Amino acid sequence: MSRLGLKSQALYHGAQLAAAVLIGYFVAVVLGLPERFWVVITVLIVMRADSGTTLDAGWDRVWGTVVGVLSGLVGVLLQHLGANAMVVTLAIISMLAFASAALPLLRSAAVAALIILGAGELAGYSVLQVALLRVLQIGIGVAVSVALALATSRWSTRARLVAGCASLLGRLSLQLQMHGQRARPTEAQAQARSAAVRSALAGLETLALSADRPFRGSRSVGEPLHERHYRRIAALTGRVVQDSVVLNRVLTLLRECNEAHLAQEAASTASAALSSVVGTLTAGGSPSLDALRRLAHHDAAHASAATAMLAAPLRLLLDDLHQLSASAAG
């Protein structure tokens, strides 16, 4: 499977998702619910690889659905009072869609409202019964997803966050290690790399938000008390990325100024520091930042113009790596 580009984590999550679909559908069959695939749809929307993000997704889905159901019932009432069905439906759905831009949890509200407003197509059930039926189906999907994630999750949200930070810093370390040994990337390649880094940082921010928002009553012994602890780790990782971008630009300028030896020394030192912090994130302990500290705090009175140019990005990188290591240590 690894030859197909499928990692063990992806395969395991795929098995989780398939199991949740089958269990959710079976529960709907046992309860005798019609249109059982609404349970399956909820599972597909809510289920995540770990319990933390599954709880977040399920909570947002539930609140969005409740708002959608209430909005749909208001629309049905207006129709009974003589309002045009098409106008009412479009007005409610468009308003909910507009509101979802400000409140992401309302993204499912428009869908739920549309289901309620089209409830007349389900024979044998009143509008109110269909609304309650949808809430029950969605509740089953959420419950199955969360229960399965809690029972089978191998990867906690926090572990995924730290692993993601370590992976990103490892790529930065390799990039600095290879600085000057590869041809300068084209503009298209540079844009693609920047987009990939931005995507990775956005993913880390999402994981950090879930990690800082544990399920009530689940706080474990030794858990960080700072409510923004993991968001700080993600933010510091983003700052390290920015520091590396600036440092790479300075290194390129140094090579253009015939200071290739100094540029290579700085690149190797920064790469080693990043690699050391990666080890701290994955295995614990203290990073080795002494070499970077010596280079960053070179005696300014005897420093050349090239060395002075390096001082600022190296000090910023040193400071952020130190803070990141301290935050990861709790």
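Worth saying up front: this structure is predicted, and the values here are computed from it rather than measured.
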* Quick one: do L33 and F26 end up in the same hydrophobic cluster if we chain Ile, Leu, Val, Met, Phe, Trp and Tyr together by side-chain heavy atoms under 4.5 Å apart? -> no

* Could you go step by step and tell me if M309 and E259 meet the side chain to side chain contact (heavy atoms under 4.5 Å, CB included) rule? -> CA-CA 11 Å; M309 189 186 302; E259 294 285 355; over 6 Å; no

* Hey, is the main chain of R315 close enough, under 3.5 Å, to the side chain of D319 for a donor-acceptor pair? -> no

* Asked: For the hydrophobic clusters of this structure (ILVMFWY residues joined by side-chain heavy atoms under 4.5 Å, transitively), does one cluster hold both L174 and L172?
  -> no

* Find out whether L310 and L251 are in side-chain contact, i.e. whether some heavy atom of one side chain is under 4.5 Å from a heavy atom of the other. => yes

* Please tell me if the side chains of R171 and L168 come closer than 4.5 Å, counting only heavy atoms from C-beta onward. => yes

* Structure fact -> On a heavy-atom basis, the closest approach of Q177 and Q264 is O-NE2, 4.4 Å

* **Main-chain N/O of A195 paired to S199 side chain as donor or acceptor, under 3.5 Å** => no

* Asked: Does a side-chain heavy-atom distance below 4.5 Å link L17 with L44?
  -> yes

* Say whether L316 and L262 are linked into one hydrophobic cluster, either directly or through other cluster members, by side-chain heavy-atom distances under 4.5 angstrom. => no

* Asked: Would V27 and V39 count as a side chain to side chain contact (heavy atoms under 4.5 Å, CB included) if you check the C-alpha gap in whole Å, the side-chain angles of each, and the deciding distance to 0.1 Å?
  -> CA-CA 9 Å; V27 172; V39 177; over 6 Å; no

* Asked: Should the heavy atoms of other residues, nucleotides or ligands under 6.0 Å from CD of Q79 be counted, would the total exceed 12?
  -> yes

* To do: Give, for atom OG1 of T206 and atom CG of L201, the distance between the pair rounded to the nearest 0.5 Å.
  => 11.0 Å

* How long is the gap from CG on L236 to CD1 on I233, to the nearest 0.5 Å? -> 8.0 Å

* Any side-chain heavy atom of H297 sitting closer than 4.5 Å to one from L318? -> yes

* Asked: Same hydrophobic cluster for V87 and I92, using side-chain heavy-atom links shorter than 4.5 Å among ILVMFWY?
  -> no

* Asked: Hey, quick one: are L90 and F98 part of the same hydrophobic cluster, counting side-chain heavy atoms closer than 4.5 Å, chains of contacts allowed?
  -> no

* Any V67 side-chain heavy atom under 4.5 Å of L103 side chain -> no

* Can you tell me how far the SG atom of C165 sits from the CG atom of L324, to the nearest 0.5 Å? -> 6.5 Å

* Asked: Hey, does the side chain of S167 reach the backbone of A163 with a donor-acceptor pair shorter than 3.5 angstrom?
  -> no

* Evaluate side chain to side chain contact (heavy atoms under 4.5 Å, CB included) for V277 paired with L289, printing each intermediate quantity in order. => CA-CA 9 Å; V277 172; L289 303 177; 4.2 Å; yes

* So, E256 versus T252: side-chain donor-acceptor pair below 3.5 Å or not? -> no

* **Closest heavy-atom pair and its distance - V278, A166** => CG2-O, 3.6 Å

* Q137 side chain to E35 backbone, donor-acceptor under 3.5 Å -> yes

* Asked: Under 3.5 Å, is there a donor-acceptor pair between the side chain of S325 and the main chain of L321?
  -> yes

* Any idea which heavy atoms bring S286 and T280 closest together, and the distance? -> C-OG1, 3.6 Å

* To do: Begin with the C-alpha distance, continue with both residues' side-chain angles, and end with the deciding distance and a verdict on side chain to side chain contact (heavy atoms under 4.5 Å, CB included) for L274 and V240.
  => CA-CA 9 Å; L274 283 164; V240 170; 3.7 Å; yes

* Structure fact -> Interatomic distance, CG@L247 vs CG@D243, rounded to 0.5 Å, equals 8.5 Å

* Any idea which heavy atoms bring A296 and L314 closest together, and the distance? -> CB-CB, 3.8 Å

* Structure fact -> When every non-hydrogen atom of A234 is compared with those of A208, the smallest separation belongs to CB-CB, 3.9 Å

* To do: Find the distance between CZ (R160) and CG (L204) and round it off to the nearest 0.5 Å.
  => 10.0 Å

* H179 backbone acceptor or donor facing R255 side chain under 3.5 Å -> yes

* Asked: Do any N or O atoms from the side chain of S100 and from the backbone of A97 form a donor-acceptor pair under 3.5 angstrom?
  -> yes

* Atom CG in L295, atom CD in E265: separation rounded to 0.5 Å? -> 5.5 Å

* Structure fact -> When every non-hydrogen atom of I93 is compared with those of A110, the smallest separation belongs to CD1-O, 3.3 Å

* Asked: Is L31 close to I140 at the side-chain level, that is, under 4.5 Å between some pair of heavy atoms?
  -> yes

